[in-house]
Amino acid sequence: MQSPARERLLLGPGPSNVPERVRQAAAAPLLGHLDPAFLAVLDEVAERLRRLFGTGNPLTLPLSATGSAGMEACLVNLLEAGDDAVIGVAGVFGERMCEVASRAGARVTRVETPPGTALEPDAMAQAIERVRPKVVSFVHAETSTGVQQPVAEIAQAARAHGALTVLDCVTSLGGLPVRLDDWGIDAAYSATQKCLSVAPGLAPVSFSPRAVERVGVRATPVQSWFLDLSLLGGYYGGDRVYHHTAPISAIFGLAEGLRMVEEEGMDARAARHREAAAALVDGLAPLGFAPLVEASIRLPMLTSVKLPNSLQGAPEANLRRRLLDAHGIEVGGGLGKLAGKIWRIGLMGENARTAHVERLLTALRAELQPA
Ligand SMILES: *Cc1c(COP(=O)(O)O)cnc(C)c1O
């Protein structure tokens, strides 16, 4: 059997490395998607996802596609043509929400904040009060900049004005505590390849009873047949009516990844992410890399660092290539306006370990300060 790729240490903005236990689980012999043995695994996954999302939402499931499909599922089910949406834009993924919502026919009101800063809850609340939107949507952990956004206050303002709140938990789930019910979130989505350390391909999603109700009283059918919640609920909701063939092997992998999260415990896991990030920031400082984001809103699983002048532009791309080729380490470059100016270093899920930080620092020292 030929191996398609060599082993890498994946310290970019995702995917993160997949532990052997998860790889073995995903390689188990296939079952049918209506086999009781598989349905038991699916039930287990839904239950573990509810615990991790901090919700009792019955409609919680691993959607058969990546995180972007989770975003699309939340927005196209809750929005109809002509509906208003207020969207917080603090980077590329908030921007993507605007694109998805406007393609669904919604009138989008953007509340923007410069890259590297967090949304102002007051600015969001004012827009919500003015527009009275059907949906308020924003990102918990903005992976394009490394900023953690305030959730509770924005969700509260949305609820006070009758809006449903959609939260992107792609990078936060499994690395930061998530509490959908305490915060009052109505629809949330994540992805497997970031802090869950499972291969890309599934988007855990969760919909509150209010959200499900709203989908039930739509005047028009959901534009996407594949992502229509009322159809997905026929299979994932418990009746097990065929909708599409669930990706069995991917779900086996996710089940094992979620078992590992629970064995460790979310508090210990969050602490491990914080410790690894602190070691990274400390170790990079003497090499001339300064954090882009202020400490109080800095994400633990994704650190954006400003590059020293000497590395901006083409040299940074060359250095990333050297890290990959000579040291087997992947780190991420900047996106959009920050391209060539920052690096995004992910310490996600299994990779949030000080030993990995040391390996990266050793490689960087060898490249930047040759003996
Ligand atoms: C990665 C990411 C996405 C998109 O997920 P894909 O699995 O690449 O489709 C969406 N939102 C955030 C915050 C992300 O980091």
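Order of appearance sets the numbers: ligands from 1, and atoms from 1 within every ligand. Just so you know, these numbers use all the heavy atoms, side chains as well, and skip hydrogens, waters and symmetry mates.
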- Show your reasoning for whether ring-ring contact (aromatic ring centres under 6.0 Å, His included) applies to Tyr236 and His243. CA-CA 9 Å; Tyr236 292 95; His243 175 254; 8.0 Å; no

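Neither side chain, Glu316 nor Gln312, offers a donor N or O lying under 3.5 Å from an acceptor on the other. The closest side-chain donor-acceptor pair between Ser16 and Ser197 falls under 3.5 angstrom.
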Which atom pairs, donor and acceptor, lie under 3.5 Å between side-chain atoms of residues 353-360 and protein residues at least two apart or in another chain?
| unit_1 | atom_1 | unit_2 | atom_2 | d |
| --- | --- | --- | --- | --- |
| Arg353 | NE | Glu350 | O | 2.9 |
| Arg353 | NH2 | Glu350 | OE1 | 3.0 |
| Arg359 | NH2 | His327 | O | 3.0 |

Write none if no such pair exists; otherwise list each N/O atom of ligand 1 with its protein N/O partner under 3.5 Å and the distance.
| unit_1 | atom_1 | unit_2 | atom_2 | d |
| --- | --- | --- | --- | --- |
| ligand 1 | 7 (O) | Gly67 | N | 2.9 |
| ligand 1 | 7 (O) | Gln193 | NE2 | 2.8 |
| ligand 1 | 9 (O) | Thr66 | OG1 | 2.7 |
| ligand 1 | 9 (O) | Gly67 | N | 3.4 |
| ligand 1 | 9 (O) | Ser68 | N | 2.8 |
| ligand 1 | 9 (O) | Ser68 | OG | 2.6 |
| ligand 1 | 11 (N) | Asp168 | OD2 | 2.7 |
| ligand 1 | 15 (O) | Thr143 | OG1 | 2.4 |
| ligand 1 | 15 (O) | Thr171 | OG1 | 3.0 |
| ligand 1 | 15 (O) | Lys194 | NZ | 2.6 |

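Judged as a ring pair (Phe, Tyr, Trp, His ring centres under 6.0 Å), not a single pair has a partner in residues 100-132 (not counting sequence neighbours).
Annotation: salt bridge (Lys or Arg N to Asp or Glu O under 4.0 Å) contacts of Glu275 (sequence neighbours excluded): none.
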